[in-house]
Q: 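Can you keep this structure in mind? I'll have questions shortly.
All heavy atoms count here, side chains included; hydrogens, waters and symmetry mates do not.
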Amino acid sequence: MGRFLAGMRRLVLDEAATVRQKIHTLWYQPLAARVSEGRAIDGVRVVRVLPDGLIELACERNLSRFREGDVLCLNQGNPFGEPAWMVTLENDEETRLVVSCRELGINWGAFAQERRGWILDEGLIDLSHWILDALDEAGDTLAGRTRILPLLMGYARPSIDPQRYERGLAMGDGFGLNYSQTEAFAQAYATDLVYLIQGPPGTGKTRLLAHLAQALVADGERVLITSFTHRAINNALNKVMEVDPALPAAKIGQSTRADDLRADNYETFAASPMAEMSGGYVLGATPFATRTQRLEGVEFETVIFDEASQITLPLAVMGMLAGQKYIFIGDQKQLPPVLTTRLSGGAFRDSVFGSLVERGFDTMLTETYRLSSELADWSSRHFYDGQLTPAPWVAGRRVDYSRPPARLIDVLDPDEPKVFWDLGHRNTTTRSHKEADAVADLISTLLNCGFPAGEMAVVVPYRAQARQIRNLMRRLVPDATVHRQIIVDTVERMQGQECDLVIVSLTTANPAFAANLAEFFFQPERLNVAVTRPRKKLIIVGSRHVLNATPDDPALQESVELLKELLAGCTTVNLPY
């Protein structure tokens, strides 16, 4: 166990040091270089200080890579000096920004005295000490040494209670779950330690999670739903409220992370009604909340980890210490954990889901309610052994328009569910103006033909391209209530989301650049996530020239061939733009 714990500690320390070094190296660069690379915004001025630690800012130009939720450093020219505070970007309307700051002892008067001359740099918050404390606890406590660590090391296996399993099958049928969902539900409900549920795109894993929470609370259990992101926690709690509005459920965390939440949100457990309850309930919170005053010391019978394929082993340990049983819901064929360190960590770089799956206590959901037959085919064959099949009522569906689009009809043809719009451009890297123009034109055309803004999304590989498209979109669609409904973001932010029509901008058209970034750009799991977001129509905008990339690693060359096969299965449109 000592060696196992040491390996996890090394990963945490290496990751923290790498992130810190990366940010400090960036801060040493001249401001003009940081701005030109999209790593800073200069000429920022304070418009006003709002309640609850919110600050409204304005700038003349914003070409940054930043997006809502990022941690930034607000400073007066020197991020190493003072004044300099770590803030979170809460709202981004290009030249109008709102950030939050919860640092203790902040001098709000500085903003009134110095309205101009501020800079927003990339920032960082080092949370590694909480993870290291959790690892120490796992090594020093009975729960850690007899339950958590043996499970993660492969020395412990769960047992299934036969009576609870039979009851779970009956409940699954009563909830209207399909065969694989019912099997997964019953096994997870009856386990005495752990169970894994693999949820390929659109297979109803969030609904299954909600019914599991519902059943466990009915038994009097206290259930924690946790994940790597607030978005995933909010989505899970929203589904819980949908399947059972009367269920006692709440989120513990910052109110600024609860805008889309249907359940109540409380800053701390002590402020919630659950603190006085003796029966079962559901709480949602990040693993970090279990180590702070928000949720520290609160015990649960079951911890459900959503999007578990993005949770590292050390982060999983932090969440596991809060409970007795563990349900991991994820998909190792989608995005892995986001780590800065590329070469260290060894097996500890894998997700907790990837580490535990295929040990005999997991079930894969096999029926997708999102993807039509054409949209499911490529993903099913290459990632799920051909087992992912559409439900009968979604297999043949097509996108429709209240007013057929007169422009770009070859690309938007409702009878073509998969289209590759080959612009044939060359030499682009992390930003393509031609692709951005084409995507913005598609969005404008779709809106003009009556297509709902909330049913389209754009997926890109790089933040710079997302910014380019969003800025163009704001000019073409000045109504903020409309353009804010259209998600334009990287693959990482799109996992777990879906809509009727999805546009994927490949962006890169330089084969040498793509080959150099092949581990990222051609990553199969990233591609799988990107192209499985739509329910009805997928449009890939890019250039055939990127397929000329020739990475040195044969495994990476196989990933290039995977993209080639995907594009070959699309209807190719060579419409000039």
Q: I'd like to know if the side chain of Asp121 and the backbone of Pro79 have a donor-acceptor N/O pair within less than 3.5 Å.
A: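 No: the side chain of Asp121 does not pair with the backbone of Pro79.
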Q: Mind checking the CG-CZ spacing from Leu315 to Phe228? Nearest 0.5 Å is all I need.
A: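 Those atoms lie 7.5 Å apart.
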Q: Show which side-chain atoms of residues 149-158 pair as donor or acceptor with protein atoms under 3.5 Å away, not counting sequence neighbours.
A:
| from | atom 1 | to | atom 2 | distance (Å) |
| --- | --- | --- | --- | --- |
| Arg157 | NH1 | Arg359 | O | 2.5 |
| Arg157 | NH2 | Arg359 | O | 3.4 |

Q: Just by distance, no angles: are the side chains of Thr429 and Tyr462 close enough, under 3.5 Å, to form a donor-acceptor pair?
A: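 There is no such pair (donor and acceptor under 3.5 Å, judged by atom type) between the side chains of Thr429 and Tyr462.
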Q: Going by the angle between their ring planes, with limits at 30° and 60°, are Tyr326 and Phe328 parallel, tilted or perpendicular?
A: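 It falls in the tilted class, 30° to 60°.
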Q: Got more than 12 heavy atoms from elsewhere within 6.0 Å of CD, Glu299?
A: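 Not buried by this count: 12 neighbours or fewer within 6.0 Å.
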Q: With rounding to the nearest 0.5 angstrom, report the CE to CG distance, Met86 to Leu74.
A: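 So the gap between those two atoms works out to 10.5 Å.
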Q: With a 4.5 Å cut-off on side-chain heavy atoms, are Leu97 and Phe66 touching?
A: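 The answer is no; the side chains never approach within 4.5 Å.
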Q: So Phe361 and Thr191, do their side chains get closer than 4.5 Å, heavy atoms only?
A: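 Not in contact.
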Q: Which atom pair, heavy atoms only, marks the closest approach of Ala514 to Ala549?
A: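 Ala514 and Ala549 have their closest heavy atoms at CB-CB, 4.1 Å.
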Q: How many angstroms lie between atom CG of Leu506 and atom CD of Gln465, to the nearest 0.5 angstrom?
A: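 Taking CG in Leu506 and CD in Gln465, the distance rounds to 10.0 Å.
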Q: So if I apply the salt bridge (charged side-chain N to carboxylate O under 4.0 Å, His left out) rule between Glu492 and each of Arg526, Arg231, Arg463, which one comes out positive?
A: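 Option passing the salt bridge (charged side-chain N to carboxylate O under 4.0 Å, His left out) with Glu492: Arg526.
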Q: Indicate yes or no: at least one non-hydrogen side-chain atom of Met320 is less than 4.5 angstrom from one of Val303.
A: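 No. Closest side-chain heavy atoms not under 4.5 Å.
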Q: Under the side chain to side chain contact (heavy atoms under 4.5 Å, CB included) criterion, do Ile131 and Phe288 qualify, and how do the steps go?
A: CA-CA 8 Å; Ile131 306 179; Phe288 292 102; 3.8 Å; yes
Q: Decide yes or no for Leu527 and Trp378: does some side-chain heavy atom of the first lie under 4.5 Å from some side-chain heavy atom of the second?
A: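 In short, these two side chains touch, coming nearer than 4.5 Å.
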Q: For Asp260, look at atom CG and say whether over 12 heavy atoms of other residues, nucleotides or ligands are found less than 6.0 Å away.
A: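 Yes, because the 6.0 Å sphere around CG of Asp260 holds more than 12 heavy atoms from other groups.
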Q: Any side-chain donor paired with an acceptor under 3.5 Å for Glu307 and Ser227?
A: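 No, no side-chain donor-acceptor contact under 3.5 Å.
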Q: Has the side chain of Gln324 got a donor or acceptor atom that lies under 3.5 Å from a matching backbone atom of Glu301?
A: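 Answer holds: no.
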Q: For the atom pair CG (Asn234) and CG (Asp259), what is the distance rounded to the nearest 0.5 Å?
A: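 Result: 9.0 Å between the selected atoms.
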Q: Do any N or O atoms from the side chain of Asp362 and from the backbone of Val357 form a donor-acceptor pair under 3.5 angstrom?
A: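 Answer holds: no.
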Q: Given side chains that start at C-beta, do those of Leu209 and Ile304 come closer than 4.5 Å, heavy atoms only?
A: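 Touching, per the 4.5 Å side-chain cut-off.
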Q: Strictly under 6.0 Å, is that where the ring centroids of Phe80 and Tyr28 end up?
A: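 Ring-ring flag for Phe80/Tyr28: true, centres closer than 6.0 Å.
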Q: How close do Thr206 and Ala236 get, counting heavy atoms only, and between which atoms?
A: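 Thr206 and Ala236 have their closest heavy atoms at CG2-CA, 4.0 Å.
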Q: Do we see a donor-acceptor contact under 3.5 Å between the side chains of Thr363 and Tyr195?
A: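 There is such a pair (donor and acceptor under 3.5 Å, judged by atom type) between the side chains of Thr363 and Tyr195.
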Q: Looking at Ala376, is its backbone amide N or carbonyl O close enough to the side chain of Ser380 to form a donor-acceptor pair, meaning the two atoms are under 3.5 Å apart?
A: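 Flag not set: sc Ser380 to bb Ala376 has no pair under 3.5 Å.
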Q: Check whether Glu122 reaches the backbone of Leu26 with its side chain - one donor and one acceptor, N or O, closer than 3.5 Å.
A: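 No; judged by distance alone, with no hydrogens or angles, the pair does not exist.
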Q: Quick one: do Ser100 and Glu90 satisfy side-chain hydrogen bond (donor to acceptor under 3.5 Å, both in side chains)? Show the steps, please.
A: CA-CA 7 Å; Ser100 64; Glu90 302 291 352; 2.6 Å; yes
Q: How long is the gap from CD1 on Ile233 to CD1 on Ile252, to the nearest 0.5 Å?
A: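 Reported to 0.5 Å precision, the distance equals 11.0 Å.
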Q: Is it true that Arg291 and Glu137 make a salt bridge, defined as a side-chain N closer than 4.0 Å to a carboxylate O?
A: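 Answer for the salt bridge query: yes.
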Q: Kindly write out the residues that satisfy salt bridge (charged side-chain N to carboxylate O under 4.0 Å, His left out) with Arg470, not counting sequence neighbours, or none if the list is empty.
A: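 So Arg470 forms no salt bridge (charged side-chain N to carboxylate O under 4.0 Å, His left out) with any residue.
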Q: Just wondering, more than 12 heavy atoms not from Glu358 lying within 6.0 Å of its CD?
A: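 No - once you tally the heavy atoms of other residues, nucleotides and ligands closer than 6.0 Å, there are 12 at most.
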Q: Can a side-chain donor-acceptor contact be found between Asn528 and Ser379 if the only test is distance below 3.5 angstrom?
A: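 Distance-only check passes for Ser379 and Asn528.
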Q: Hey, does the side chain of Thr368 reach the backbone of Pro201 with a donor-acceptor pair shorter than 3.5 angstrom?
A: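 At least one qualifying donor-acceptor pair exists.
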Q: Salt bridge or not between Lys239 and Asp306? Use side-chain N to carboxylate O under 4.0 Å.
A: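 No salt bridge links Lys239 with Asp306.
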Q: Distance check, rounded to the nearest 0.5 Å: Gln310 atom CD versus Phe305 atom CZ?
A: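 Spacing of CD (Gln310) from CZ (Phe305) equals 14.5 Å.
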Q: Stepwise, does the side chain to side chain contact (heavy atoms under 4.5 Å, CB included) test hold for Phe185 with Leu212?
A: CA-CA 7 Å; Phe185 176 94; Leu212 261 175; 3.9 Å; yes
Q: So, for Asn238 and Ala263, which heavy atoms are closest and what is the spacing to 0.1 Å?
A: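 That closest heavy-atom pairing would be OD1-N, 4.2 Å.
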Q: Report yes or no: does Asp553 contribute a side-chain atom to a donor-acceptor pair with the main-chain N or O of Ala555 at less than 3.5 Å?
A: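 A pair under 3.5 Å: yes.
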Q: Could you walk me through whether Leu247 and Met241 satisfy the side chain to side chain contact (heavy atoms under 4.5 Å, CB included) test, starting with their C-alpha distance in whole Å, then the side-chain angles of each, then the deciding distance to 0.1 Å, before giving a yes or no?
A: CA-CA 7 Å; Leu247 200 72; Met241 299 306 296; 5.6 Å; no
Q: Is a donor from one side chain sitting under 3.5 angstrom from an acceptor on the other, for Gln21 and His24?
A: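 His24 and Gln21 do not have a side-chain donor-acceptor pair below 3.5 Å.
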Q: With a 4.5 Å cut-off on side-chain heavy atoms, are Gln181 and Phe175 touching?
A: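 Side-chain contact under 4.5 Å: no.
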Q: Is there a side-chain contact between Gln523 and Leu335, using heavy atoms and a 4.5 Å cut-off?
A: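 Of all side-chain heavy-atom pairs linking Leu335 with Gln523, at least one is under 4.5 Å.
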Q: With a 3.5 Å distance limit and no angle check, can you tell me whether Asp489 reaches the backbone of Ile487 through a side-chain donor-acceptor pair?
A: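 Looks like no, no N/O pair under 3.5 Å.
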Q: What is the minimum heavy-atom distance between Ala518 and Pro551, and which atoms define it?
A: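 Taking every non-hydrogen atom into account, CB-CG, 3.7 Å.
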Q: Donor-acceptor check, side chain of Arg467 to backbone of Ser64, threshold 3.5 angstrom: yes or no?
A: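 Yes.
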Q: Please name the residue in the list Gln293, Arg294, Glu296, Met274 that meets the side chain to side chain contact (heavy atoms under 4.5 Å, CB included) test with Phe269.
A: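 Single side chain to side chain contact (heavy atoms under 4.5 Å, CB included) partner of Phe269 among Gln293, Arg294, Glu296, Met274: Met274.
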Q: Quiz question: by atom type and distance under 3.5 Å, do the side chains of Thr302 and Glu221 form a donor-acceptor pair?
A: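 Yes.
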Q: Looking at every heavy atom in both Cys73 and Trp27, which two are closest together, and how far apart are they?
A: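 Distance-wise, the nearest heavy atoms are CB-CZ2, 4.0 Å.
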Q: Kindly say whether Arg67 contributes a backbone atom to a donor-acceptor pair with the side chain of Asp92 at under 3.5 angstrom?
A: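 Side chain of Asp92 to backbone of Arg67, a donor-acceptor pair under 3.5 Å: no, none is there.
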Q: Evaluate side chain to side chain contact (heavy atoms under 4.5 Å, CB included) for Thr508 paired with Phe521, printing each intermediate quantity in order.
A: CA-CA 9 Å; Thr508 300; Phe521 185 81; 3.7 Å; yes
Q: Test side-chain hydrogen bond (donor to acceptor under 3.5 Å, both in side chains) on Thr430 and Arg65; report intermediate values, then the result.
A: CA-CA 11 Å; Thr430 61; Arg65 303 165 65 250; over 6 Å; no
Q: Which pairs pass ring pair (Phe, Tyr, Trp, His ring centres under 6.0 Å) with one or both residues in residues 121-150, sequence neighbours excluded?
A: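 Residue pairs passing ring pair (Phe, Tyr, Trp, His ring centres under 6.0 Å), neighbours aside: none found.
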Q: At their closest point, which heavy atom of Tyr266 faces which heavy atom of Ala271, and how far apart are they?
A: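 Smallest interatomic distance, heavy atoms only, reads CD2-O, 3.5 Å.
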Q: State, with a plain yes or no, whether a side-chain heavy atom of Leu295 is found less than 4.5 Å away from one of Phe300.
A: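 Yes. Closest side-chain heavy atoms under 4.5 Å.
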